[in-house]
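What follows is one structure encoded as structure tokens, with my remarks underneath.
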Amino acid sequence: MIYTCTLNPSVDYIIHVAQFKSGGLNRGEKSFYYPGGKGINVSRVLTRLDVKNTALGFVGGFTGEFIKSELINEGIHTDFIELTGKTRINMKLKSDSETEINGSGPDISEIQLQQLFNRVKGLSNGDILVASGSIPNSVPDDIYSQLATICNEKGIKMIADTSSKALKEIVGHDLFLIKPNQHELEELFNTTITSLTDALDYGLKLNQKGATHVIVSMGGQGAVYTSEDNQFIASVPTGTVQNTVGAGDSMVAGFLAAYSKNNEPLEAFKYAVAAGSSTAFSEDLCKKEDVEELVKKIVVKTM
Ligand SMILES: Nc1ncnc2c1ncn2[C@@H]1O[C@H](COP(=O)(O)OP(=O)(O)O)[C@@H](O)[C@H]1O
Ligand SMILES: O=P(O)(O)OC[C@H]1O[C@](O)(COP(=O)(O)O)[C@@H](O)[C@@H]1O
């Protein structure tokens with residue numbers, strides 16, 4: 001069984017403004033509300049790809065209620081821990097360029113954190129835990145390391161998709177998959193990555209540090225996959241980009257959905273890129289039929 005864990009979910013409020021002017025009155029042309037946060041996006045895409053999963057994490061307030069009801073409407077099983085504070089709203093401003101303002105999130109107490117550990121301790125050998133997204137301010141920076149320790153003891157495969165300090169903390173643990181984007185990888189290694197082949201070298205370093213599968217996504221430039229046995233570079237298909245929020249999360253879900261069928265890294269990587277790009281070409285997250293069409297156009301080079 002696959003479980004996603006979102007410590008800091010969000011309601012993603014996407015607003016389109018023609019020629020945004022900072023400091024002035026701007027009026028939105030169209031807006032959308034989606035349940036968000038990295039693990040929740042992974043749960044939503046897995047479900048669209050017909051893969052059963054359970055969404056874990058923390059939700060609270062009217063925003064938390066919105067997330068729960070949207071996920072239930074989509075047929076996603078949830079087992080959230082309820083907070084008294086309100087789940088954050090993340091603002092995605094679409095104008096000539098894309099601007100994001102992600103909130104910090106509500107407080108989580110020691111007792112509530114313990115409830116999450118207990119949920120994870122209840123998973124079984126062979127289960128998969130996708131731990132994704134930022135860590136709320138009230139939660140210790142090493143939370144993902146603590147989760148990784150539980151996963152290793154119990155034979156649970158862990159996937160991590162996070163940034164900054166949380167990413168530094170988790171690297172070095174045994175991970176089934178890690179998916180940094182270009183900027184996260186640059187920050188992690190304190191370097192500049194300009195090409196897909198640069199990204200490949202750093203991907204291999206992550207394999208040496210304990211990650212079985214590594215995907216580095218570089219937006220419209222493409223993506224790389226590395227493991228001890230295989231290295232691939234993919235270009236992304238062309239299309240009209242509508243909304244890249246959740247594109248990285250769609251890759252994680254795409255890889256998992258395909259890999260759990262046949263344990264084939266090349267096919268899983270292609271499917272991951274197709275899911276990421278299909279989301280980038282959609283207003284909301286990708287749909288299965290679009291991913292299946294797009295996967296035929298993904299060109300992968302074996303290195
Ligand atoms: N401009 C784009 N054109 C086509 N595909 C894109 C584009 N931007 C993102 N994608 C797809 O989404 C994936 C993840 O995007 P990226 O921005 O690197 O991740 P993240 O959302 O984690 O920052 C890419 O590997 C690609 O498949
Ligand atoms: O937890 P963080 O790092 O603030 O990220 C949360 C945001 O990331 C998203 O999960 C999208 O992530 P990706 O674009 O990397 O796939 C949004 O839904 C959410 O607003």
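Quick caveat, the model's predicted, so the values are computed rather than measured. For the numbers below, each heavy atom of this structure counts, side chains included, while hydrogens, waters and symmetry mates do not. In this chain, numbering begins with 1 at the start of the sequence shown. Numbering of ligands and ligand atoms starts at 1, following listing order.
D50 and K288 are joined by a salt bridge, as a carboxylate oxygen and a charged side-chain nitrogen come within less than 4.0 angstrom of each other.
By the 3.5 Å distance cut-off applied to N or O atoms, S277 is counted among the residues near ligand 1. Close N/O approach between G219 and ligand 1 is found [any backbone or side-chain N/O within under 3.5 Å]. Distances between N or O atoms of G248 and those of ligand 1 include at least one value under 3.5 Å.
Judged by distance alone, the side chains of N102 and K92 do bring a donor and an acceptor atom under 3.5 Å apart. Side chains of T226 and Q231: no donor on one and acceptor on the other come within 3.5 Å. Side-chain atoms of T54 and D79 form no donor-acceptor pair, as typed in the model, at a separation below 3.5 Å. Side-chain N/O atoms of H16 and S95 include no donor and acceptor closer than 3.5 Å. Side-chain contact annotation: S227 with D229, donor-acceptor N/O pair under 3.5 Å absent. With 3.5 Å as the limit, one finds no donor-acceptor pair spanning the side chains of T162 and Y144. Using modelled atom types and a 3.5 Å distance limit, the side chains of N125 and K154 yield no donor-acceptor pair. Side-chain contact, S217 with N181: no donor N or O sits under 3.5 Å from an acceptor N or O. At a cut-off of 3.5 Å, with distance as the only test, no side-chain donor of Q146 or T149 sits close to an acceptor on the other residue.
Grouping Ile, Leu, Val, Met, Phe, Trp and Tyr by side-chain contacts under 4.5 Å, direct or through others, puts Y34 with I14, F32.
Among G222, A280, P237, P180, the residue whose heavy atom lies nearest to atom 6 (C) of ligand 1 is A280. If you check each of S132, G220, S163, A223 against atom 2 (C) of ligand 1, the one with the closest non-hydrogen atom is G220.
Ligand 2 lies under 4.0 Å from heavy atoms of S10, D12, G36, G37, K38, N41, R88, N90, K92, N102, G133, S134, T244, V245, G246, A247, G248, D249.
At a 4.0 Å heavy-atom cut-off, ligand 1 touches M251 through the side chain alone.
Close approach of ligand 1 to G276 is summarised as follows: ligand atoms under 4.0 Å from at least one heavy atom of the residue are 11 (C), 12 (O), 27 (O). Within ligand 1, counting atoms from 1 as listed, the ones closer than 4.0 Å to a heavy atom of F281 are 3 (N), 4 (C). Residue contact check: V273 has heavy atoms under 4.0 Å from atoms 27 (O) of ligand 1.
Nearest heavy-atom pair across E29 and A18 is OE2-CB, 3.4 Å.
The protein atom (non-hydrogen) at minimum distance from atom 23 (O) of ligand 1 is N181 ND2, 2.9 Å. Nearest protein heavy-atom contact of atom 19 (O) of ligand 1 is S217 OG, 3.3 Å. Counting protein heavy atoms only, atom 22 (O) of ligand 1 is closest to K179 NZ, 3.2 Å. The protein heavy-atom contact nearest to atom 1 (N) of ligand 1 is V241 CG2, 3.3 Å.
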